[in-house]
Amino acid sequence: MSRQQREEGVRGAGRLLSLARLTSVGSALLPGGIAGVQLAGLLFFLNPHWPFEPVPVASATWFYATLLASLCAIVLLPFTWGRPQRARRALPWALFAVFLASGLVFWVHASTFSYYLPAGINRRLIKAAFWLTMAAVATFYTALLHSLQRRPYSRRSTGLLMVVSALAVYVVLERREAFRPPVEITPRPSSAAPIVRPNLLVVGLASGSLDVVLPLAEQGLLPFFGSLLRDGAYGRLTTIEPTRELPLWNSLATGKYPYQHGVVAAHRYRAPFVSPDAEFHLTPLGLGFEHWGLPGGALSRSFSSRSLPAWTICERLGMPAAVLGWPGVADAGIAP
């Protein structure tokens with residue numbers, strides 16, 4: 001073998017090695033990158049007050065795609081580095097895991113925050129969850145057939161996986177972009193008839209359910225509540241899920257769901273990587289997201305309610321009203 005042939009052989013082996021490494025790296029980064037795009041899309045669903053504009057969307061997707069792609073590479077590369085065949089076989093299963101997890105997460109959040117999100121955006125979140133589930137089914141079927149038959153992925157199969165991946169990204173962004181906030185209707189002026197009204201006293205006890213109050217009242221430990229229960233009427237209240245203190249107290253004060261009065265959580269979180277003034281109101285449940293997904297940190301409890309509480313409405317109608325120690329009133333920006 002001549003020297004020139006040996007050099008060409010070395011260069012060819014180097015190109016194959018570089019291609020193998022490139023395949024390993026790409027296969028390890030792609031699932032995490034897609035998962036990051038899904039996470040960014042979920043955050044835009046949970047925070048409909050964010051403007052869905054190119055710069056904030058690109059910033060959020062870049063941040064979470066880079067973060068999760070790096071994590072995915074750390075997990076997969078030790079098993080696929082320099083082994084292109086193993087990397088190609090692992091990629092469809094990794095994509096299936098991402099689509100399945102994303103679909104389940106979207107379903108769970110659409111169900112959990114049904115009273116915390118506008119109806120329009122909740123419907124779009126459900127549709128995105130459905131299409132992600134379909135993407136998981138298609139990817140699982142493709143990966144299972146190739147694994148059982150032990151056949152390599154053809155260009156057709158690889159193209160199908162790439163199309164499914166692109167559609168999974170597109171459907172999340174398109175469903176969120178399609179949301180348009182409802183037009184607020186100006187309420188009609190109200191008035192109160194000049195009649196004699198009975199005095200009304202509303203007392204709220206945090207976590208003071210009838211299961212707690214009734215036994216103590218029957219034992220004579222709560223004489224005031226005991227007299228109220230004997231001489232008046234009482235019943236069990238049905239709350240909404242998830243049971244969060246500030247949103248529910250404001251719902252009780254305003255008679256509106258959390259997505260209507262705007263107080264949906266106890267804290268707001270800065271998101272400077274999206275835009276200088278961007279903030280999270282709702283964050284994904286579980287996975288310790290507040291610890292690794294929010295580099296900006298928490299803000300104070302300073303939500304502003306978009307709805308008036310009952311006592312303010314009474315005062316505007318000429319009916320004397322007062323409030324003392326209502327939970328979340330000062331934090332929600334509602335003046336007593």
Side-chain angles (χ1 to χ4, degrees), residues 25-26 29-73 95 98-99 101-103 105-106 109-110 113 116-129 131-132 135 162-184 259 262-265 267-285 287-300 302-304 306:
V25 172
L29 292 175
L30 181 60
I34 294 177
V37 176
Q38 305 297 334
L39 177 58
L42 177 62
L43 285 168
F44 275 95
F45 274 108
L46 296 180
N47 296 272
H49 63 279
W50 277 5
F52 198 80
E53 298 174 351
V55 173
V57 172
S59 300
T61 53
W62 173 257
F63 177 82
Y64 288 109
T66 302
L67 184 63
L68 294 186
S70 301
L71 179 61
C72 187
L95 291 175
V98 169
F99 297 149
S102 299
V105 167
F106 276 49
H109 284 79
F113 290 120
Y116 287 69
L117 297 174
I121 203 152
N122 201 57
R123 287 195 299 269
R124 286 166 175 81
L125 184 59
I126 292 174
K127 291 179 180 179
W131 288 114
L132 287 173
M162 294 301 101
V163 169
V164 171
S165 300
L167 290 177
V169 171
Y170 169 78
V171 71
V172 171
L173 299 180
E174 187 275 334
R175 285 293 79 200
R176 176 57 180 85
E177 193 278 334
F179 173 71
R180 298 292 181 272
V183 179
E184 295 186 3
Y259 77 88
V263 182
V264 296
H267 300 280
R268 296 179 298 164
Y269 298 91
R270 294 187 181 93
F273 54 90
V274 177
S275 64
D277 56 346
E279 296 174 351
F280 293 103
H281 290 180
L282 285 177
T283 57
L285 301 172
L287 303 177
F289 183 80
E290 286 78 7
H291 301 289
W292 60 268
L294 299 172
L299 295 174
S300 61
S302 55
F303 275 97
S304 295
R306 297 193 297 263

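Predicted model only: the values in this text are computed from it and were never measured.
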Tell me, please, which residues at least two apart from [X] pass ring pair (Phe, Tyr, Trp, His ring centres under 6.0 Å).
X      : value
Phe44  : Trp50, Phe52
Tyr116 : Phe113
Phe179 : none

Do [X] and [Y] come within less than 4.5 Å of each other through their side chains, counting heavy atoms only?
X      : Y      : value
Phe106 : Ile126 : no
Leu42  : Leu125 : yes
Phe99  : Trp131 : no
Pro284 : Leu46  : yes
Phe45  : Leu117 : no
Arg176 : Ile121 : yes
Leu294 : His267 : no

By side-chain hydrogen bond (donor to acceptor under 3.5 Å, both in side chains), which residues pair with [X], not counting sequence neighbours?
X      : value
Ser70  : none
Thr283 : Glu290
Glu177 : Arg180
Arg123 : none

Please report the shortest heavy-atom distance between [X] and [Y], naming the atom on each side.
X      : Y      : result
Val274 : Ala60  : CG2-CB, 3.9 Å
Pro48  : Pro118 : CG-CD, 3.9 Å
Val264 : His281 : CG2-CB, 3.8 Å
Leu132 : Gly103 : CB-CA, 3.9 Å
Ala69  : Gly33  : CB-N, 3.7 Å

Report the distance from atom OG1 of Thr66 to atom CZ of Phe273, rounding to the nearest 0.5 Å.
->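 The CZ atom of Phe273 is 11.5 Å from OG1 of Thr66, to the nearest 0.5 Å.
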Atom NE2 in His109, atom CG in Leu282: separation rounded to 0.5 Å?
-> 9.0 Å
Donor-acceptor contact below 3.5 Å, side chain [X] vs main chain [Y]:
X      : Y      : value
Asn47  : Leu43  : yes
His49  : Glu279 : yes
Arg124 : Val172 : no

Non-neighbouring partners of Ser59 that pass side chain to side chain contact (heavy atoms under 4.5 Å, CB included), sequence neighbours left out |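 Per chain and number, Ser59 pairs via side chain to side chain contact (heavy atoms under 4.5 Å, CB included) with Val55.
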Who pairs with Val169 by side chain to side chain contact (heavy atoms under 4.5 Å, CB included), at least two apart in sequence or on another chain?
->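 Counting only residues at least two positions away or on another chain, Val169 forms a side chain to side chain contact (heavy atoms under 4.5 Å, CB included) with Ile34, Val37, Gln38, Leu173.
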Mind running side chain to side chain contact (heavy atoms under 4.5 Å, CB included) on Leu95 and Ser165 for me, showing each step along the way?
-> CA-CA 8 Å; Leu95 291 175; Ser165 300; 3.7 Å; yes
